[in-house]
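This is a predicted model, so every value here is computed, not measured.
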Amino acid sequence: RPPLETPQQQLLGVRRCSPAHRPRTVANILRELAEKQQLSEETVSLLQAQFSDLPCELHSWRQMAEYSPEMRQFACILHLYHIKAYDYLRKSFPLPHPYSLTNWLSNNEAAAGFSNNIFLRLQEKVERGEQAYCFCALMVQDMSLQKTQRLTGFVDLGAGVLDADEAPLASEAIILMAAGISSPWTAPLGYFFVNSTTGHLLAQLLRQTINKLNNIGITVLAVTSGATARGAETARALGIRIDPERIQCTFQHPPGSAHRITYFFDICHALQLIRNALQCFQKIEWLSDTVRWQHVVELAALQEQRVLEPCSPKSGGPGSEESYHLKVNLATLLFSEGVADALEHLQKLGLASFQNCSGTVKFVRLMSHLCDIFHGRGPYRRGLKGPLLAGNYTKISHLFNEAKSFFVTLTDSVGRYIIKSKRKLGFLSFLLNAESLKWLYTNYMCPEGTPSHHLLTYAFSLDPLELFLRALQQACGSSRSPTCTVFQAAYHKLLASCSLAPGSPHSSGLGRTSSLDISLSRKRDLTLGSIRAQYNPAHGRTLATEYPYCAGLLLHGAALSNALTDLSLHAQSVTCTAGFVAEQLASDLQCEACLASLFESDKSRLRCGSVLYIKKLGGVSLPSASVYHITSISEQVLNRYGKVGDGNRNTKLWHLSLEQKVFQELLGESLLFPTLTNHLFDGELCVNNHYTILVKEITRCYLNIR
């Protein structure tokens with residue numbers, strides 16, 4: 001044991017080791033911040049391990065003519081991890097102003113950090129006077145990475161790799177994207193490899209991104225993140241207040257300036273949270289109405305059943321009846337007009353499971369209208385599904401007020417307010433988004449000389465970024481989480497083919513996938529099909545495994561049925577196969593409107609939402625006239641050209657040539673799928689939309705069967 005010190009010696013030792021008497025070195029100041037709990041021990045250990053060769057004394061920093069790469073990296077890491085610690089250290093050491101760090105976080109090619117090439121191309125568009133690129137929305141999302149035990153895969157925030165032995169490996173990539181608010185352009189701005197994402201780190205990266213966009217003349221009007229715990233932490237770190245009684249929907253940037261930026265939570269995430277809340281509570285009270293989860297479960301589980309209805313005067317004699325098969329459209333979204341209309345229709349039919357469902361109908365219909373407001377894609381849609389315009393703002397504002405009064409009064413079965421429960425984030429997300437949208441309208445659409453006369457509200461969701469991430473995952477070549485090396489190669493590939501043109505399919509790297517398809521894919525867990533699969537796994541979407549060769553009896557009463565009355569057995573077989581094609585495609589379609597268009601509908605019958613009335617032909621659903629027409633043309637082409645090249649029938653080229661000839665035959669024909677005319681405006685205005693995809697899939701499916 002060392003000899004015991006006298007009290008005087010002990011006092012001198014305390015003075016020597018106290019923070020006030022320590023030498024003002026970088027290591028001592030970092031240790032001091034850790035003792036004050038202003039900097040985590042993990043961060044201090046990382047900085048000391050990575051920057052052990054960094055000059056420690058103050059005079060060494062002052063003698064430097066310029067910052068070394070290590071000094072730049074140290075400054076960037078410390079500022080991103082903890083801005084208060086950076087400001088404290090800056091009082092003693094000549095660290096650069098935070099605005100100077102933005103350039104140090106930028107790189108060429110596809111290295112981690114901001115992509116200089118993308119920012120240069122955006123700057124050129126702004127300097128050419130293209131107004132659509134002067135204002136944008138900013139979105140952030142993370143992607144999980146696979147760790148590797150090689151000399152790669154370390155944390156990299158754009159200023160250099162943290163490759164010390166004690167440094168952690170990267171487990172996530174943070175991706176940032178800008179999107180046009182009045183024109184559908186998107187631009188991937190860069191990515192960062194991190195070990196663990198925090199709300200503070202995301203907030204710092206967002207601030208640096210806003211700085212860099214401001215430097216090239218682009219004004220950020222909105223920021224979007226996921227409606228998650230991390231997203232809420234990011235919002236609070238930026239200065240957003242998520243309190244139903246005092247919502248603060250904007251934050252200042254730069255700090256102290258007059259410019260304010262709105263904050264949005266992703267609508268798809270918010271809907272999933274509200275679905276979980278409804279399922280968790282089972283029953284939600286609202287004034288005199290009750291919202292019941294069981295009504296939705298009963299609708300999703302409704303089995304196909306045969307019903308008889310009186311014939312219309314045109315289709316049959318008095319007293320005769322028609323046979324229909326009532327079927328649920330499983331592609332219908334939970335919060336949609338289709339579900340609300342179906343519940344009302346089934347209530348009118350007198351089904352016991354759907355009595356007293358008026359409260360559920362009101363709730364579903366309100367949520368459907370709110371979803372329509374935040375999914376405005378193209379400038380050609382009208383009503384709530386269109387962009388935010390001066391003409392529809394009054395109606396939208398009224399809906400927002402109705403939703404707020406609705407959400408703040410919702411209670412569970414014992415009278416506790418949902419908005420104050422552990423299931424509140426989904427409802428708070430909609431309230432915050434509503435306030436942000438109203439703020440944007442008031443400040444950027446009403447005044448004279450406003451930057452835009454309409455806002456594409458889907459730019460305030462994560463759909464554009466998710467479209468890019470799907471392309472990135474596809475370029476990685478695996479469904480598993482990629483390594484850092486694979487991620488960088490895929491990102492470089494997408495960046496090389498990236499187009500900033502509005503609505504360009506190459507702007508996000510995926511050819512035929514549209515933002516509408518991505519939106520539907522992300523909401524797959526919110527469909528009636530997913531609810532049925534959850535409660536009745538054995539009664540999900542069924543698909544016939546054998547091709548039905550027998551046509552069976554023909555049904556009378558509809559236009560298509562009358563046309564098929566005198567067909568030969570061969571033509572009946574084509575009709576039966578067309579119905580089989582419709583059922584096969586319906587088993588995997590995610591679009592409610594497209595699925596409904598596959599089956600015959602009586603024009604005299606009003607649409608009943610997600611409930612379809614289908615006729616049967618030999619045990620197979622009777623197809624719509626458009627499906628039958630496409631399969632008939634396909635059969636004619638196959639009979640005409642099928643004998644050519646018998647030895648090469650299994651080649652892909654021969655199949656493609658047949659498909660091409662079918663399309664040639666269809667050119668100039670009458671309009672197919674008349675019920676989809678308005679639906680085509682839901683996505684981008686391009687040739688490769690849901691209309692042409694349906695034609696191609698029907699043709700391909702029929703030719704494969706034959």
Side-chain angles (χ1 to χ4, degrees), residues 135-140 179 181-182 199 203 206 210 219-228 231-253 258-271 273-274 277 335 366-376 384 387-390 392-410 417-420 423-447 450-452 454-462:
F135 299 89
C136 77
L138 187 61
M139 55 199 73
V140 61
I181 61 169
S182 59
L206 287 167
I210 296 168
T219 302
V220 178
L221 298 183
V223 166
T224 302
S225 74
T228 60
E233 185 186 358
T234 304
R236 285 190 288 266
L238 289 170
I240 301 298
R241 187 188 300 121
I242 317 170
D243 184 345
E245 297 176 358
R246 293 187 308 156
I247 288 182
Q248 174 63 47
C249 66
T250 62
F251 64 95
Q252 286 180 319
H253 195 82
H259 180 63
R260 306 195 70 87
I261 300 172
T262 57
Y263 199 93
F264 289 85
F265 283 122
D266 179 57
I267 287 297
C268 183
H269 287 171
L271 288 174
L273 293 176
I274 291 177
F335 301 115
L366 174 62
M367 294 303 304
S368 172
H369 292 163
L370 292 175
C371 293
D372 290 343
I373 292 171
F374 289 105
H375 285 109
L384 297 179
L388 178 61
L389 301 165
N392 61 6
Y393 177 74
T394 302
K395 184 176 182 180
I396 289 175
S397 179
H398 175 73
L399 269 172
F400 285 162
N401 293 334
E402 180 184 354
K404 184 174 183 178
S405 64
F406 190 96
F407 290 165
V408 298
T409 56
L410 289 175
Y417 286 106
I418 305 295
I419 205 72
K420 296 180 180 179
R423 299 287 181 183
K424 62 186 176 182
L425 184 55
F427 299 98
L428 288 176
S429 298
F430 270 96
L431 295 181
L432 176 69
N433 290 3
E435 292 297 323
S436 294
L437 199 59
K438 290 195 291 186
W439 192 93
L440 284 175
Y441 177 84
T442 303
N443 292 273
Y444 283 93
M445 291 184 65
C446 291
T450 53
S452 175
H454 69 269
L455 294 176
L456 301 179
T457 52
Y458 102 107
F460 308 130
S461 71
L462 291 180

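- Residues Lys438 and Glu435 are paired through a salt bridge, judged by an N-O separation under 4.0 Å between the basic side chain and the carboxylate.
- Using a 4.5 Å heavy-atom threshold, the side chains of Leu432 and Phe265 count as touching.
- Remark: Phe400 pairs with Phe374 by the ring pair (Phe, Tyr, Trp, His ring centres under 6.0 Å) rule, at least two apart or across chains.
- Contact of the Leu366 side chain with the Leu399 side chain is registered, since non-hydrogen atoms from C-beta on lie closer than 4.5 Å.
- Among all heavy-atom pairs drawn from Ala137 and Ala459, the shortest one is CB-O, 3.7 Å.
- Atoms CD and CD1, on Glu233 and Ile240 in that order, are 14.5 Å from each other to the nearest 0.5 Å.
- In this structure the side chain of Leu431 reaches within 4.5 angstrom of the side chain of Ile419, judged on heavy atoms.
- In terms of heavy-atom proximity, Thr262 sits nearest to Phe264 at OG1-CE1, 3.4 Å.
- Looking only at distances, a side-chain donor or acceptor of Ser436 sits under 3.5 Å from a matching main-chain atom of Tyr263.
- A donor-acceptor pair is defined here as one N or O able to donate and one able to accept, closer than 3.5 Å; no such pair exists between the side chain of Asp266 and the backbone of Thr224.
- In terms of heavy-atom proximity, Ser225 sits nearest to Gly231 at OG-CA, 3.6 Å.
- One finds the CG atom of Asp243 at 8.0 Å from the CG atom of Leu428 (value rounded to the nearest 0.5 Å).
- Cys136 approaches Ile181 most closely through the heavy-atom pair C-CG2, 3.9 Å.
- The minimum heavy-atom distance between Leu271 and Met367, with the atom names listed, is CD2-CE, 3.9 Å.
- With values rounded to the nearest 0.5 angstrom, Thr457 atom OG1 is found 8.0 Å from His375 atom NE2.
- Panel note: side chain Glu402, backbone Lys404; no donor-acceptor pair is recorded below 3.5 Å.
- Counting only heavy atoms from C-beta outward, the side chains of Ile373 and Leu437 approach each other to under 4.5 Å.
- No donor-acceptor pair under 3.5 Å is formed between the side chain of Ser461 and the backbone N or O of Ile267.
- Here the straight-line distance linking atom NZ of Lys424 with atom CG of Leu273 works out to 12.5 Å at 0.5 Å rounding.
- Once rounded to the nearest 0.5 Å, the distance linking CD1 of Ile261 with OG1 of Thr219 reads 9.0 Å.
- Here the CZ-CG distance, from Phe407 to Leu410, works out to 7.0 Å after rounding to the nearest 0.5 Å.
- In this structure a side-chain-to-backbone donor-acceptor pair under 3.5 Å is present from Thr409 to Ser405.
- Closest non-hydrogen pair, Gly226 versus His269, comes out as CA-ND1, 3.2 Å.
- Looking at His259, its side chain does come within 3.5 Å of a backbone N or O of Val220 through a donor-acceptor pair.
- With contacts defined as side-chain heavy-atom distances shorter than 4.5 Å, the pair Thr250/Trp439 qualifies.
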Passes side chain to side chain contact (heavy atoms under 4.5 Å, CB included), Phe430 versus Ile274? Steps please.
CA-CA 10 Å; Phe430 270 96; Ile274 291 177; 3.6 Å; yes

